[in-house]
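Notes for the one structure printed next.
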Amino acid sequence: MKFSKFLMAAGLAAAVAMPLATQSAQAAGILTVAISIDPGSWDPIDTFVVPWGSVGSNIYDGLTSRGPDMKLQPGLATSWELLDNNNRIRFKLRQNVKFHNGEPFNAGAVKFTFDRLLGDEGKKGPQQSNYNSIDHVEIVDDYTVDFVMKQPDPVLLTKLAGYGGMIVPPKYIQEKGDEYFNTHPVGTGPFKFVEYTPKVSLTLEAFPEHWGGAPKLDKVVYRIIAEANTQVAELQAGRVDIANLVPFGLAPTIEKSPDLKLVSITGPTVVSLRLNTKNGITKDVNVRKALIMAIDRDAIIKAVLLGHAKPIASFQSDLSFGYDPALKPLPFDLAKAKQLLQQAGVPAGSTVKIDFRGPDATFREVAQASAGFLQALGLKVSLQPYETPVLLNDIIPNGKTGEAWQNAWGGWTFDYDNTAYLMYHSGEKWNPYDNDAKLNALLEKQRSIYDVKEREKILREVAAYVAEQALEIPLYNENTVMGVNKRVKNLVPPADRRFRFTDVSVD
């Protein structure tokens with residue numbers, strides 16, 4: 001089996017590794033970070049892309065906070081408690097906190113933030129649906145607020161640590177307007193906005209009055225570089241300190257550089273081949289299990305991903321709440337897979353079509369490898385690439401897939417609920433074929449429970465049931481891979497790339 005991408009990447013690595021004519025001097029006190037996408041707005045309610053989180057986590061604070069260790073801790077709220085039979089959450093707020101424009105942070109700012117998020121302005125963006133469990137926010141006093149809930153939401157405290165839940169300044173937005181705020185953000189975070197050139201760069205400077213202490217850096221400059229190879233070249237040239245996009249084929253190049261460090265850690269992104277349970281040969285659960293057993297996932301991880309991933313048994317990483325280390329994937333066993341196909345009466349040469357995102361070069365190689373394994377099973381396999389928006393917004397939600405399709409998911413909350421409910425509950429966009437009463441009931445039940453151990457038990461039951469029904473071929477959990485210049489000190493790389501640079505310094 002040939003993996004052309006690996007060969008191409010190896011050649012590209014040699015080209016990128018060539019000495020560059022000039023090496024840019026690196027300014028003292030300034031950290032330069034490459035991100036892949038310009039969200040177009042720095043308002044917390046306007047986007048869900050990871051590069052926004054990489055920037056927004058330094059401009060804004062949430063009521064709660066979550067560091068690289070994944071543990072939830074106080075943010076702008078110093079404590080919280082459940083009241084009224086879990087229908088109300090009371091937050092005590094941090095005092096003597098200011099926004100970057102000097103505006104005071106208080107209960108009014110919290111109420112304004114969530115009235116705006118849950119109102120007409122929030123409807124324009126993708127974040128509102130993450131917080132619809134909140135009915136409204138009530139001010140108890142200047143530094144106490146109550147979240148009155150429409151329904152239980154055991155993941156809410158985690159959601160308040162990022163993205164749409166970040167606290168914004170009422171007076172500033174009312175005076176300047178939403179459009180101005182999109183490109184001139186103000187928060188309470190450790191760095192404040194200085195300059196933004198769309199699709200080029202964004203510059204922040206230290207906010208010495210931050211409640212958590214003054215940052216050690218003077219400035220953070222984000223350069224928007226969409227091409228992974230360009231990010232690596234700029235890292236090698238000394239023009240960026242952190243590259244967030246590193247092709248697997250170029251990872252060895254960074255490892256060999258005396259000035260650079262390769263970071264490869266468990267991340268949130270998982271990849272599978274979801275299976276069509278309504279049409280074709282994959283209607284049969286034993287056929288689905290045969291397909292799982294026919295694909296050597298370890299070989300794919302080694303040859304295509306160069307080891308920067310690990311096999312999975314369920315559609316979540318081991319960082320996810322609900323992960324069950326006792327659940328093991330079906331092993332690679334071609335003989336057993338053939339036996340299952342024969343028992344199911346599947347004739348040789350039966351067709352399997354794999355739909356995938358055409359621009360995803362890495363998964364194209366994964367799909368080619370998977371097709372090779374399934375052909376060894378005696379099946380006729382075709383690969384169908386689509387433009388990403390077409391696959392995600394038409395082919396999958398409208399039930400127009402082949403027998404299998406690429407399924408990739410990040411899950412920024414690191415909670416299996418926010419993956420499993422969207423993947424497997426009937427009526428959800430990413431579940432075009434299944435309506436399983438047992439699975440629906442389990443997913444709904446865990447959403448009503450705040451008890452951590454009880455909810456974890458149910459989520460593990462969900463994962464085991466999905467595996468038993470073989471709703472997908474679980475492939476791998478991708479590592480978060482990035483390149484870092486060794487001049488960067490005291491950086492704890494976050495699995496979700498939501499950096500917080502307060503304690504970071506540069507030589």
Distance in Å, [X] [atom1] paired with [Y] [atom2], rounded so as to fall on 0.5 Å steps:
X      : Y      : atom1 : atom2 : result
Glu403 : Lys278 : CD    : NZ    : 14.5 Å
Asp496 : Ser317 : CG    : OG    : 10.5 Å
Ser133 : Gln151 : OG    : CD    : 6.0 Å
His308 : Asn477 : NE2   : CG    : 13.5 Å
Thr388 : Phe356 : OG1   : CZ    : 10.5 Å
Ile312 : Leu475 : CD1   : CG    : 6.5 Å

Return yes when atom [atom1] of [X] has more than 12 non-hydrogen atoms of other residues, nucleotides or ligands closer than 6.0 Å, and no otherwise.
X      : atom1 : result
Glu227 : CD    : no
Lys457 : NZ    : no
Lys261 : NZ    : no
Tyr465 : OH    : yes
Lys111 : NZ    : yes
Lys256 : NZ    : no
Glu138 : CD    : yes

Is it the case that the side chain of [X] and the backbone of [Y] share a donor-acceptor pair, with hydrogens and angles ignored and the cut-off at 3.5 Å?
X      : Y      : answer
Thr282 : Asn276 : yes
Thr113 : Val168 : yes
Asn398 : Lys400 : no
Ser370 : Val366 : yes
Asp394 : Val390 : no
Arg498 : Val50  : no
Glu444 : Ala441 : no
Asp146 : Val148 : no
Asn407 : Val271 : no
Glu472 : Leu273 : no

*asked:* Between Phe332 and Asp298, does the side chain to side chain contact (heavy atoms under 4.5 Å, CB included) criterion hold? Intermediate values first, please.
replied: CA-CA 9 Å; Phe332 170 59; Asp298 288 326; over 6 Å; no
Within-4.5 Å side-chain heavy-atom neighbours: [X] and [Y]:
X      : Y      : result
Tyr163 : Asn130 : no
Tyr433 : Thr401 : yes
Val481 : Phe248 : yes
Gln384 : Ile354 : no
Phe147 : Leu160 : yes
Arg66  : Pro494 : no
Thr480 : Asn244 : no
Ile37  : Pro51  : yes

Which heavy atom of [X] sits nearest a heavy atom of [Y], and at what distance?
X      : Y      : answer
Arg357 : Ala408 : NH2-O, 3.7 Å
Ser314 : Leu327 : CB-CD2, 4.1 Å
Val452 : Phe321 : O-CZ, 3.4 Å
Leu471 : Arg274 : O-CD, 3.5 Å
Asp153 : Tyr450 : N-OH, 3.0 Å
Pro474 : Ser272 : CA-CB, 4.1 Å

*asked:* Just checking Tyr416 against Tyr421, ring centres under 6.0 Å apart?
replied: no
*In terms of the angle between their ring planes, are Trp80 and Phe91 parallel, tilted or perpendicular, with boundaries placed at 30° and 60°?*
tilted
*asked:* Using the rule given for side chain to side chain contact (heavy atoms under 4.5 Å, CB included), can you reason through Asp61 versus Arg500, listing the C-alpha separation, both sets of side-chain angles and the distance that settles it, and then say yes or no?
replied: CA-CA 10 Å; Asp61 293 308; Arg500 182 84 157 181; 2.6 Å; yes
*Is there a side chain to side chain contact (heavy atoms under 4.5 Å, CB included) between Val110 and Leu93 once you walk through the steps?*
CA-CA 9 Å; Val110 177; Leu93 305 181; 3.9 Å; yes
*Thr266 and Lys310: side chain to side chain donor-acceptor pair (under 3.5 Å), yes or no, with the steps?*
CA-CA 9 Å; Thr266 299; Lys310 62 181 73 171; 3.0 Å; yes
*Is there a side chain to side chain donor-acceptor pair (under 3.5 Å) between Asp355 and Gln406 once you walk through the steps?*
CA-CA 6 Å; Asp355 301 317; Gln406 177 189 5; over 6 Å; no
*asked:* Apply side chain to side chain contact (heavy atoms under 4.5 Å, CB included) to residues Ile89 and Leu83 and explain how you reach the verdict.
replied: CA-CA 6 Å; Ile89 308 175; Leu83 303 172; over 6 Å; no
*asked:* Under a 4.0 Å threshold between the charged nitrogen and the carboxylate oxygen, would Asp43 count as salt-bridged to Lys124?
replied: no
*Passing option when Asp415 is tested against Lys159, Arg447, Arg455 for salt bridge (Lys or Arg N to Asp or Glu O under 4.0 Å)*: Arg455
*Is there a ring-ring contact (aromatic ring centres under 6.0 Å, His included) between Tyr424 and Phe315 once you walk through the steps?*
CA-CA 11 Å; Tyr424 313 124; Phe315 201 52; 7.3 Å; no
*Looking at Leu156, Leu76, Leu157, which hits side chain to side chain contact (heavy atoms under 4.5 Å, CB included) with Leu63?*
Leu76
